Amino acid sequence: MYTAFTKRYHDVLASVYLFNEYQAYRGLERLLAALRLKYPEESVFIAAVEKHTRDERKHYLMFKRYFQALQSTPLAVDSTFGYIDQFVLFIFRTSLDDLDVAEILADDALFFRLCRLIMITEFRGMRQVDVLLRSRILRRDARLVRIFRIIERDEPSHCLPYQRWLRQRGSHAPGVQERLTDYWIHYSLVLVKLPLFFLHPRLKRLSHFPDEAA
């Protein structure tokens with residue numbers, strides 16, 4: 001019974017993280033392309049976003065290889081479980097895929113808001129990885145522990161460049177709406193969405209990985 005519970009936990013956790021890492025690196029690729037056009041002189045910041053993009057793709061591929069080693073595919077997870085997806089939906093009132101990055105870069109206030117969302121998401125991610133690495137359930141899978149150790153090592157370089165960029169331009173810290181949105185997304189995921197997903201009797205798996213053509 002406990003073994004089945006642990007296996008299910010690892011399956012759900014890895015599936016949700018794989019989806020989030022995939023969405024993150026795809027969104028960052030679009031941001032990066034627009035950023036190079038608007039701020040070509042900002043080589044330090046662009047390099048930081050490039051690293052962030054590479055790391056998110058690396059994390060996605062680690063979870064992909066995790067499932068491949070199990071000869072399986074992830075559980076079918078959608079944007080309901082995507083942290084940045086939900087943040088963009090709440091703040092910009094559109095889906096992540098439909099977010100017009102070029103339009104946002106044309107408006108400093110919107111771009112600063114987007115940077116704050118990325119920064120908040122990454123700080124939240126740091127805290128969550130710390131919690132997971134102290135979890136006895138997670139530690140029962142050495143492969144997942146290795147993956148989350150790498151994520152733990154990478155995360156600070158994802159938060160701080162955005163924080164410095166905002167401070168250099170006199171942007172304010174995350175506002176009340178942004179902080180409340182962060183709390184709502186986090187606790188609705190942890191306390192409601194993920195438990196219901198975990199307990200669903202007939203979870204479906206993807207027929208292929210997100211980066212592969214159907």
Side-chain angles (χ1 to χ4, degrees), residues 1-29 55-90 94-99 117 120-122 124-152 154-155 181-214:
M1 181 74 162
Y2 182 69
T3 301
F5 175 90
T6 302
K7 183 179 179 181
R8 176 81 153 199
Y9 176 90
H10 293 160
D11 203 7
V12 168
L13 180 68
S15 298
V16 169
Y17 263 87
L18 180 141
F19 176 83
N20 276 273
E21 301 291 356
Y22 178 70
Q23 290 292 89
Y25 90 73
R26 286 178 61 246
L28 286 168
E29 284 176 342
D55 284 349
E56 298 292 0
R57 185 173 186 275
K58 176 182 70 178
H59 299 166
Y60 164 76
L61 291 174
M62 289 191 299
F63 286 110
K64 180 179 178 179
R65 287 192 291 270
Y66 172 82
F67 281 105
Q68 288 174 328
L70 297 173
Q71 299 184 325
S72 180
T73 55
L75 297 168
V77 174
D78 60 23
S79 60
T80 304
F81 301 91
Y83 209 95
I84 193 64
D85 293 79
Q86 292 298 301
F87 231 139
V88 167
L89 184 61
F90 274 103
T94 186
S95 70
L96 181 59
D97 288 339
D98 291 335
L99 188 67
L117 298 197
I120 293 169
T121 301
E122 294 299 329
R124 173 64 68 184
M126 284 177 62
R127 292 192 292 271
Q128 192 58 43
V129 167
D130 181 62
V131 170
L132 288 170
L133 285 171
R134 289 187 277 111
S135 164
R136 293 177 61 186
I137 300 176
L138 178 72
R139 293 202 301 267
R140 289 174 64 90
D141 190 321
R143 292 167 301 176
L144 282 179
V145 171
R146 285 194 295 271
I147 291 172
F148 281 103
R149 287 293 181 198
I150 293 171
I151 295 175
E152 179 187 42
D154 291 340
E155 287 290 0
T181 301
D182 172 47
Y183 292 138
W184 169 257
I185 294 170
H186 175 70
Y187 287 108
S188 65
L189 276 170
V190 171
L191 300 179
V192 180
K193 294 178 182 179
L194 288 174
L196 289 175
F197 186 69
F198 181 91
L199 294 171
H200 195 288
R202 287 184 291 275
L203 293 179
K204 296 181 180 180
R205 292 192 179 276
L206 297 177
S207 60
H208 58 278
F209 289 95
D211 64 330
E212 298 173 350

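Since this is a predicted model, take the numbers as computed values, not measurements.
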Looking only at non-hydrogen atoms, find the nearest pair between Ile147 and Met62 and report the distance. CD1-O, 3.8 Å
Is any side-chain heavy atom of Leu189 closer than 4.5 Å to a side-chain heavy atom of Val16? no
May I ask you to decide if Leu75's main-chain N or O and Ser15's side chain share a donor-acceptor pair within less than 3.5 Å? yes
Would you call Val12 and Lys7 a side-chain contact if the rule is heavy atoms closer than 4.5 Å? no
State the CD1-CG distance between Ile120 and Asp182, to the nearest 0.5 angstrom. 6.0 Å
For a side-chain contact (heavy atoms from CB on, under 4.5 Å) check, start with the C-alpha distance between Arg143 and Leu70, then their side-chain angles and the critical distance, and finish with the verdict. CA-CA 11 Å; Arg143 292 167 301 176; Leu70 297 173; 3.5 Å; yes
Using 30° and 60° as the class limits, which term best fits the ring planes of Tyr25 and Tyr22: parallel, tilted or perpendicular? perpendicular
Worked verdict on Asp97 versus Arg26 for side-chain contact (heavy atoms from CB on, under 4.5 Å): CA-CA 9 Å; Asp97 288 339; Arg26 286 178 61 246; 3.5 Å; yes
Does Leu144 reach the side chain of Tyr9, with side-chain heavy atoms less than 4.5 Å apart? no
With a cut-off of 3.5 Å and sequence neighbours excluded, list every side-chain donor-acceptor pair involving residues 191-204.
unit_1	atom_1	unit_2	atom_2	d
Lys193	NZ	Thr80	O	3.2
His200	ND1	Arg202	N	3.0

Under the rule for ring pair (Phe, Tyr, Trp, His ring centres under 6.0 Å), what residues qualify as partners of Tyr83, not counting sequence neighbours? none
Where Phe209 and Pro74 come nearest, the two heavy atoms and their spacing: CE2-CD, 3.5 Å
Any side-chain donor near an acceptor of the partner, Tyr60 and Asn20, under 3.5 Å: no
Could you measure the distance from the OG1 atom of Thr181 to the NE2 atom of His186? Nearest 0.5 Å is fine. 14.5 Å
Does Phe148 form a ring pair (Phe, Tyr, Trp, His ring centres under 6.0 Å) with Phe63? I'd like the steps, not just the answer. CA-CA 10 Å; Phe148 281 103; Phe63 286 110; 5.7 Å; yes
Interatomic distance, Ser188 atom OG to Phe81 atom CZ [nearest 0.5 angstrom]: 10.0 Å
If you count every heavy atom of other residues, nucleotides or ligands that lies below 6.0 Å from Arg57 atom CZ, does the total exceed 12? no
Would Arg205 and Asp11 pass as an ion pair if we require N to O under 4.0 Å? yes
Reported CG-to-OG1 distance for the pair Leu117 and Thr121, which is rounded to 0.5 angstrom: 6.5 Å
Test salt bridge (charged side-chain N to carboxylate O under 4.0 Å, His left out) applied to Asp55 - qualifying residues, sequence neighbours left out: Lys51, Lys58
Is Thr73 reaching over with its side chain to a backbone N or O of His208, donor-acceptor style, under 3.5 angstrom? no
For Lys64, is there an ion pair with Glu212 - N to carboxylate O distance below 4.0 angstrom? yes
Show, in sequence, the C-alpha distance, side-chain angles and deciding distance for Leu132 and Leu13, and conclude whether the side-chain contact (heavy atoms from CB on, under 4.5 Å) test is met. CA-CA 10 Å; Leu132 288 170; Leu13 180 68; 4.0 Å; yes
Any Glu152 side-chain heavy atom under 4.5 Å of Met126 side chain: no
What are the two closest non-hydrogen atoms of Leu18 and Phe67, and how far apart are they? CD1-CD1, 4.1 Å
Can you find a pair of side-chain heavy atoms, one from Arg124 and one from Phe87, that are under 4.5 Å apart? no
Please check: side-chain N/O of Ser95 versus main-chain N/O of Asp98, any donor-acceptor pairing under 3.5 Å? yes
Looking only at heavy atoms, what is the nearest atom pair of Gln86 and Ser79, with distance? NE2-O, 2.9 Å
To the nearest 0.5 Å, tell me how far Gln23 CD sits from Ile84 CD1. 10.0 Å
Could you go through Asp130 and Arg134, starting from their C-alpha distance and side-chain angles, then the distance that decides it, and tell me whether this counts as salt bridge (charged side-chain N to carboxylate O under 4.0 Å, His left out)? CA-CA 7 Å; Asp130 181 62; Arg134 289 187 277 111; 3.0 Å; yes
Taking all atoms of both residues into account, what is the closest heavy-atom pair of Val145 and Leu138, and its distance? CG2-O, 3.7 Å
